[in-house]
Amino acid sequence: MIHVKDLSVSFSDVRVLHDVSFDVATGESFALVGESGSGKSTILKALAGQLPAFTGTLRIGEDNDTDRPFSARDRARQVQMVFQDPYGSLHPRRTIDDTLNEPLLIHGLPDRDSKVIAMLDAVGLPRRFRFRLPHQLSGGQRQRVAIARALMLNPPVLLLDEPTSALDVSVQAEILNLLKSLREEKNLTFLLVTHDLPVVSFLCDRLAILHAGRIVETANTEALRSGQLSSSYGQELFQRSVYG
Amino acid sequence: MSLLSVENLRVTFPTDHGPADVVRGLSFTLGRERLGIVGESGSGKSMTGRAIMGLVPAPGKVTADQLMFNGKDLRGLSEDERRDLRGTAMSMVLQDPKFSLNPVIRIGEQIEEAMAVHGTLGRRERRERALEALTAVRIKDPERVARLFPHEVSGGMGQRVMIAMMVVLEPALMIADEPTSALDVSVRGQVLDILADLVSRRGMGLILISHDLNMVARWCDRILVMYRGEIVEEIASGALMDAQHPYTRGLVASLPTIDETRDRLPVLDRGKL
């Protein structure tokens with residue numbers, strides 16, 4: 001569902017990604033783990049079509065046998081992103097209804113009313129929130145709206161950029177549960193960027209550890225749970241996560 | 001004698017529906033130790049720190065039956081007297097160095113500023129003390145860093161500069177409000193180490209305010225858990241797993257662990273608290 005081969009990215013003369021390759025199968029949940037500056041968010045940007053220049057091969061979504069890249073419009077139906085900060089990622093002066101309707105309008109899809117209501121139910125938001133503005137919602141509720149927006153076009157792939165790190169721990173649990181349920185119900189493929197190893201352990205099947213723009217290790221989550229990461233940098237991250 | 005003793009502290013803000021208590025009758029004492037205050041957004045933990053510093057913004061009101069710092073009653077001090085205390089006797093480290101340092105003043109000058117305002121030191125001594133403070137927070141080449149502007153240093157170094165600025169006048173009490181949450185995991189430990197070192201070497205009292213249960217539990221001598229403006233539980237260091245109050249237990253349970261195998265995380269049932 002996601003195929004990344006020899007992805008390299010440079011900003012002016014600084015190379016931030018060095019020949020990154022990985023594959024994510026349909027329905028799989030894959031994590032990119034690393035510190036700030038390791039290049040994990042740059043990979044997401046490339047996959048979301050937000051990087052003008054890179055080298056390497058990227059394929060994402062269904063029907064990607066051809067090398068012809070998706071148009072922006074087609075891509076939107078294949079992949080959507082959920083951002084870290086639910087306070088910054090929703091338009092402050094548009095109601096929840098406007099936000100959820102917009103992708104349907106752009107793509108000219110019918111039955112908008114019922115689709116919006118069904119999506120509110122799916123992400124566990126009360127229907128009475130439909131005509132509220134973002135500032136009337138809590139952080140957790142906003143993140144539910146952001147997830148709902150990302151799912152309006154039924155994309156098979158979700159890119160999750162630190163989706164719970166701006167939230168309180170009790171709210172983080174709710175959102176993580178929601179993401180897990182949605183993945184099971186809709187057979188979604190997740191690519192999660194995070195620095196939080198316990199979140200990977202809960203939500204993901206496999207992970208890649210990034211350091212200074214290179215993947216130093218790809219492992220099953222089982223190896224993470226049992227502390228069996230093979231790279232020394234992976235071990236270092238594990239130790240820090242467990243012992244602080 | 002304790003460094004700080006607080007009894008029945010209340011912080012109240014007027015709203016359309018009458019006064020709202022943000023901090024509701026908090027009592028605790030602090031010695032020369034590391035005290036952690038944990039809670040979620042809106043629990044009143046930051047307002048508690050601000051109330052002690054005398055930095056609750058208007059129209060908020062602070063009242064207490066007792067608010068003693070170093071044998072001095074903080075209630076009823078004038079704004080000027082509070083200002084004299086801040087920096088020299090108590091200081092606060094804020095969350096994000098990007099927003100708390102002045103972007104157009106060199107780092108060295110910013111550290112010297114506090115001494116210029118409060119102290120009677122000459123210019124050369126101020127400069128020496130600033131360099132010493134930078135060395136104390138383990139900045140290797142203080143001379144070079146002192147000449148930089150805040151945007152020229154990393155987040156971790158920016159936070160160390162903030163700490164240097166706060167300790168340069170050797171306050172007896174330091175309040176750190178989320179000092180590491182804007183930092184990468186790898187530098188968090190470093191910043192906490194530096195704080196711990198300063199606390200033990202200079203005999204300061206430190207209040208660490210954070211939402212990060214695990215970090216506070218590992219690092220503080222004692223933890224106060226706040227929920228809706230009240231202390232629901234006090235926990236000894238390392239005893240987080242033995243917490244009794246349903247709120248604390250709920251929080252601990254809702255955190256995923258590194259060897260997580262639960263299919264769903266338990267969610268806090270606020271109706272039952």
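If you're wondering where the values come from, they're calculated on a predicted model, not measured in any experiment. The chains referred to below are lettered A, B, ... by the order of the sequence lines, with proteins before strands, and numbering in each begins at 1.
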- Task: Look only at the side chain of A:Ser241 and the backbone of A:Phe238, and say whether a donor-acceptor pair between them is shorter than 3.5 Å.
- Result: no
- Bottom line for A:Ser181: the part with an atom under 4.5 Å from chain B's heavy atoms is both
- Task: Below 4.5 Å from any heavy atom of chain B, which atoms of A:Gln172 appear? Answer side chain, backbone, both or neither.
- Result: side chain
- Task: Give the member of B:Leu251, B:Asn214, B:Thr257, B:Asp212 that has the highest number of heavy-atom pairs under 4.5 Å with chain A.
- Result: B:Thr257
- Check whether B:Ser41 gets within reach of chain A through its side chain, its backbone, both or neither, counting any heavy atom under 4.5 Å. both
- Item | Closest heavy-atom pair and its distance - B:Met162, B:Leu94 | CE-N, 3.4 Å
- Query: Does A:Thr221 reach the main-chain N or O of A:Asp205 with its side chain, forming a donor-acceptor pair under 3.5 Å?
  - Reply: yes
- Item | Which of B:Ile258, B:Asp259, B:Leu213 touches chain A most, by non-hydrogen pairs under 4.5 Å | B:Ile258
- Query: Quick check: does any side chain N or O of A:Arg130 sit under 3.5 Å from a backbone N or O of A:Ile96, one acting as donor and the other as acceptor?
  - Reply: no
- Item | A:Glu35 and A:Tyr233: side chain donor to acceptor below 3.5 Å | yes
- Item | Atom group of A:Leu176 that falls short of 4.5 Å from chain B, counting heavy atoms | side chain
